[in-house]
Amino acid sequence: MAHSTLSQVPVTVCFSYSSDTSLPKTVFKGNNVSFNEKKSWISRFSSDFKTANSRSKGKSRPVIRMSVEQASKEKAAISPLSLEDAKEPPLHLYKNKEPYTATIVSVERIVGPTAPGETCHVVIDHGGNVPYWEGQSYGIIPPGENPKKPGSPHNVRLYSVASTRYGDFFDGKTASLCVRRAVYYDPETGKEDASKKGVCSNFLCDSKPGDKVQITGPSGKIMLLPEENPNGTHIMIATGTGVAPYRGYLRRMFTENIPTFKFNGLAWLFLGVANKDSLLYDEEFSEYLRDYPDNFRFDRALSREQRNRNGGKMYVQDRIEEYSDEIFELLDSGAHIYFCGLKGMMPGIQDTLKRVSETRGEKWEEKLTQLKKNKQWHVEVY
């Protein structure tokens, strides 16, 4: 279902005549610029026109930036509003033996050519029959027979939902998954061994619109977004596809017009990936950073392109350490902190938090116990 709207909004054009971005820019504002909005899982409301600075010493060319400010802040209407009525999250509506048959809407590669591996954004139409809340997971049963249990279906694979309960089309009928294709390379030959590839991830990444998919769930409560305090602070830490639930949080906070939830707190995202081409939903998050600078912070850790303060690779725990004092102060003030991604991320993060805690004269084990008791600590790793 495609939507096209024509609207007129003011724009801001900035001219910079220096490569020094700290210098003030001349700003001109114009009105009534018309544009068409095309529906996509990424909201595209802005244009960014830049000309590179001349490499000649002492010379520079103007850098022109144009942003459609009002349009990017206008929130999307959602339906049905009855999805806000439930007091408890839906759980296990469809079980392994009786899954729901849904339909693939689209599959889109969302990483660049130099990213190690392939990650896809998969939109699934559940017809409104498998509702979920932000932070929950769907189970996927790939087609075929379980080789370890002849005559039985494959085991269920869990995927964090990467959309809000209203889905990418704001109608409550779809769910989106962020899926990295799992492949295996023989360490001796360096060649891919197709016999050992991830069955479910490859099925999803290879799916075509109209294909059927068996889903179970939804499941999970640990990563649900607490909404009782719209002015609260949420610190979100992810590696790779672990960013999936946070995309749902952020769309609910900044994209959708939720009558019962008007977020005015702070959402702070830390995302660790290999390189720039591996960044997931970066354009979407960058729009929030531009449009809601008082409510959203975004720090990236690119392990193959950046160095930490000790000269080593920049991992997400290194970014956390850079802001450790501020993070601990926010936690002391009641902030929620979330971790999602490969389970291998947690030891390094825990070591960093323990070290920082000790430098502050605190015992990390006692602090962690208190965070868990206060339900501020949310972990989902795989």
Side-chain angles (χ1 to χ4, degrees), residues 21-22 41-44 46 48 50 65 67 72 108-121 160 162 178-180 223 233-251 253-255 266-327 330 335-342 344-353 356 378-381:
T21 56
S22 67
W41 60 268
I42 291 181
S43 56
R44 305 179 186 275
S46 66
D48 192 358
K50 300 181 181 177
R65 295 181 177 88
S67 63
S72 59
E108 183 175 359
R109 178 187 170 101
I110 56 173
V111 291
T114 66
E118 180 181 22
T119 302
C120 297
H121 182 81
S160 297
C178 183
V179 182
R180 174 162 179 165
M223 294 292 285
T233 297
H234 304 272
I235 304 168
M236 302 162 284
I237 300 166
T239 56
T241 57
V243 76
Y246 308 146
R247 180 179 182 260
Y249 297 174
L250 295 171
R251 285 176 70 86
M253 291 172 178
F254 302 125
T255 299
L266 173 64
W268 192 353
L269 174 62
F270 291 85
L271 176 58
V273 294
N275 56 21
K276 288 180 181 178
D277 269 4
S278 304
L279 287 168
L280 304 174
Y281 310 112
D282 193 66
E283 182 177 346
E284 193 167 334
F285 299 153
S286 295
E287 287 186 359
Y288 300 148
L289 192 63
R290 181 179 62 246
D291 297 336
Y292 300 93
D294 295 332
N295 304 103
F296 182 55
R297 294 173 66 174
F298 183 20
D299 286 280
R300 308 165 181 85
L302 310 179
S303 61
R304 298 188 184 182
E305 296 181 357
Q306 297 173 333
R307 295 291 170 183
N308 62 28
R309 64 182 63 182
N310 297 319
K313 291 184 176 181
M314 175 66 76
Y315 292 109
V316 71
Q317 60 263 32
D318 298 311
R319 284 284 183 234
I320 294 171
E321 188 167 13
E322 288 181 5
Y323 297 99
S324 57
D325 285 340
E326 190 172 0
I327 289 173
L330 290 171
H336 289 266
I337 190 166
Y338 311 79
F339 304 88
C340 190
L342 296 174
M345 70 185 273
M346 290 308 295
I349 291 175
Q350 290 264 36
D351 289 344
T352 297
L353 294 174
V356 171
H378 312 263
V379 179
E380 184 172 84
V381 293

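Source: prediction; values computed, not measured. Scope of the values below: all heavy atoms of this structure, side chains included, with no hydrogens, waters or symmetry mates. Numbers for residues simply follow the sequence, beginning at 1.
Atom CD1 in I110 sits 11.0 Å away from atom CG in D282 (nearest 0.5 Å). Atoms CZ and CG, from F298 and L279 in turn, are 6.0 Å apart once rounded to the nearest 0.5 Å. Atoms CE and CH2, from M236 and W268 in turn, are 11.0 Å apart once rounded to the nearest 0.5 Å. One finds the CG atom of L266 at 9.0 Å from the CE atom of M253 (value rounded to the nearest 0.5 Å). Once rounded to the nearest 0.5 Å, the distance linking CE of M314 with CZ of R300 reads 13.0 Å. Of the inter-residue distances, the one linking I237 atom CD1 with I320 atom CD1 reads 3.5 Å to the nearest 0.5 angstrom.
Distance alone, capped at 3.5 Å, places no donor-acceptor pair between the N310 side chain and the G312 backbone. The closest donor-acceptor contact from the side chain of Q306 to the backbone of L302 lies under 3.5 Å. Under the 3.5 Å distance criterion, the side-chain polar atoms of R304 are left unmatched by any main-chain donor or acceptor of N275.
For D351, there are no salt bridge (charged side-chain N to carboxylate O under 4.0 Å, His left out) partners at least two apart in sequence or on another chain. Residues that satisfy the side-chain contact (heavy atoms from CB on, under 4.5 Å) test with A238, not counting sequence neighbours, are V243, Y246, L271. Applying the salt bridge (charged side-chain N to carboxylate O under 4.0 Å, His left out) criterion to E305, with sequence neighbours excluded, gives no partner residue. In this structure, the side-chain hydrogen bond (donor to acceptor under 3.5 Å, both in side chains) partners of S160, at least two apart in sequence or on a different chain, are E380.
Using cut-offs of 30° and 60° on the angle between ring planes, the pair H378 and H336 is tilted.
Between T239 and G341, the closest heavy-atom pair is OG1-CA, 3.6 Å. Summarising the geometry of G344 relative to P347, their closest heavy-atom pair is O-CD, 3.4 Å, with the distance given to 0.1 Å. Heavy atoms only, all atoms of each residue included: F296 and L269 are closest at CE1-CB, 4.0 Å. Across every non-hydrogen atom of Y338 and M223, the tightest pair is CB-CE, 4.0 Å.
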**Request:** Determine, step by step, whether I235 and F270 satisfy the side chain to side chain contact (heavy atoms under 4.5 Å, CB included) criterion, reporting the C-alpha distance in whole Å, the side-chain angles of both residues, the deciding distance to 0.1 Å, and the verdict.
**Result:** CA-CA 8 Å; I235 304 168; F270 291 85; 4.0 Å; yes
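Identified under the salt bridge (charged side-chain N to carboxylate O under 4.0 Å, His left out) test for residues 309-326, with sequence neighbours left out: R297-E326, R319-E322, E321-R355, D325-R360. Sorted by first and then second residue, the salt bridge (charged side-chain N to carboxylate O under 4.0 Å, His left out) pairs involving residues 111-120 (not counting sequence neighbours) are R109-E118, E118-R181.
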